Amino acid sequence: MGYKIAIDGPAGAGKSTIAKKVAGQLGFIYVDTGAMYRAMALFLMNENIDPEDTEGINAKCKEADITIRYENGEQVVYLNKENVNGMIRTQQVSNMASHTSANPNVRKKLVELQQKLAADTDVVMDGRDIGTCVLPDAEVKIFLTASSRVRAERRYKELLAKGEECDIDVIEKEIALRDHQDMTREISPLKPADDAVFVDSSYMTIEEVADMIIDMVEKKTGKKV
Ligand code: DC
């Protein structure tokens with residue numbers, strides 16, 4: 001079966017950094033499900049599908065062949081056999097993904113793929129619906145959040161480091177809008193699983209959060225990492 005750790009929460013809470021670190025320390029596979037929704041959004045953008053065009057999304061999403069491979073310990077996302085890691089982190093793709101991830105056909109396809117990836121392996125998976133929907137039997141479930149200002153500051157620093165011009169207030173507004181879209185959508189809205197541990201990372205370091213999760217795993221399994 002494998003041991004499963006589910007980390008859910010809004011954008012910018014630090015999920016992927018922490019999930020990657022925990023997976024590395026435990027020797028588990030890390031699956032970034034957001035990257036899969038981003039690859040699908042990129043595909044639909046390239047096909048000139050409007051984010052509001054439900055019929056178009058329903059028809060086209062079937063043609064996207066999204067796979068994940070691990071190369072030198074890094075997750076690489078392939079879209080129709082092309083490595084798209086370098087193309088899925090733009091603001092445009094973020095905005096498209098926020099719309100297209102609400103589509104039931106998109107979710108069904110990607111959830112099945114995620115469940116297959118996690119079958120029979122020890123895995124740390126992050127996303128929005130991992131504890132509630134993808135891996136409801138996960139041994140450890142974390143709902144990781146941080147205030148919208150702190151999340152905007154983190155994103156602002158990332159973009160500055162990449163040399164991109166940006167405005168922190170605009171970023172914060174976009175984050176709030178995405179939170180709203182993700183939390184109010186009909187299918188698999190972002191919400192903590194009943195048995196998730198709620199962690200506010202606003203004033204915690206990456207190491208503190210990762211250590212906390214490792215601690216939980218050690219207590220549950222009775223084994224030292
Ligand atoms: O975590 P991220 O920013 O890379 O996610 C991109 C988008 O995909 C975001 O709008 C939320 C959505 N998503 C989702 O609906 N379900 C998941 N399991 C992961 C991401």
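The shown structure was predicted, so the numbers you read here are calculated from the model rather than taken from an experiment. Counting convention: from 1, in listed order, for ligands and their atoms alike.
When hydrogens are left out, the protein atom nearest atom 7 (C) of ligand 1 is A97 CB, 3.8 Å; that is the closest non-hydrogen contact. Atom 8 (O) of ligand 1 has its closest protein heavy atom at Y37 CB, 3.4 Å. Given atom 19 (C) of ligand 1, the protein heavy atom at minimum distance is T33 OG1, 3.3 Å. Distance from atom 10 (O) of ligand 1 to its nearest protein heavy atom, with residue and atom name: S98 CA, 3.3 Å.
With a heavy-atom cut-off of 4.0 Å, D182 touches ligand 1 through its side chain alone. The proximity of M96 to ligand 1, defined as any non-hydrogen pair under 4.0 Å, does not occur for either the backbone or the side chain.
With no hydrogens or angles considered, a side-chain donor-acceptor pair links N105 and N58 at under 3.5 Å. Residues R107 and Y37 have side chains that bring a donor and an acceptor to within less than 3.5 angstrom of each other.
Side-chain contact between M96 and P51: present, with at least one pair of heavy atoms (C-beta onward) separated by less than 4.5 Å.
For atom 12 (C) of ligand 1, the nearest non-hydrogen atom from the set S101, C133, G12 belongs to S101. Between atom 11 (C) of ligand 1 and the options R128, R38, R178, M125, the minimum heavy-atom separation is to R128. Of the listed options H99, R107, R89, Q181, R107 places a heavy atom closest to atom 15 (O) of ligand 1.
By the 3.5 Å distance cut-off applied to N or O atoms, R185 is counted among the residues near ligand 1. Among the atoms of D129, some N or O lies under 3.5 angstrom from an N or O of ligand 1.
A salt bridge is absent between E218 and K223; no separation between the charged side-chain nitrogens and carboxylate oxygens falls under 4.0 Å. The existence of a salt bridge linking D8 and R128 is excluded, since no basic side-chain nitrogen approaches an acidic carboxylate oxygen closer than 4.0 Å.
Grouped with I168 in one hydrophobic cluster are Y156, L159, L160, I171, I175, the linkage being side-chain heavy-atom contacts under 4.5 Å among Ile, Leu, Val, Met, Phe, Trp and Tyr residues.
Scored by the side-chain contact (heavy atoms from CB on, under 4.5 Å) test, A13 finds P10, L144, R151 as partners (sequence neighbours excluded).
Other residues, nucleotides and ligands place more than 12 heavy atoms under 6.0 Å from the NZ atom of K162.
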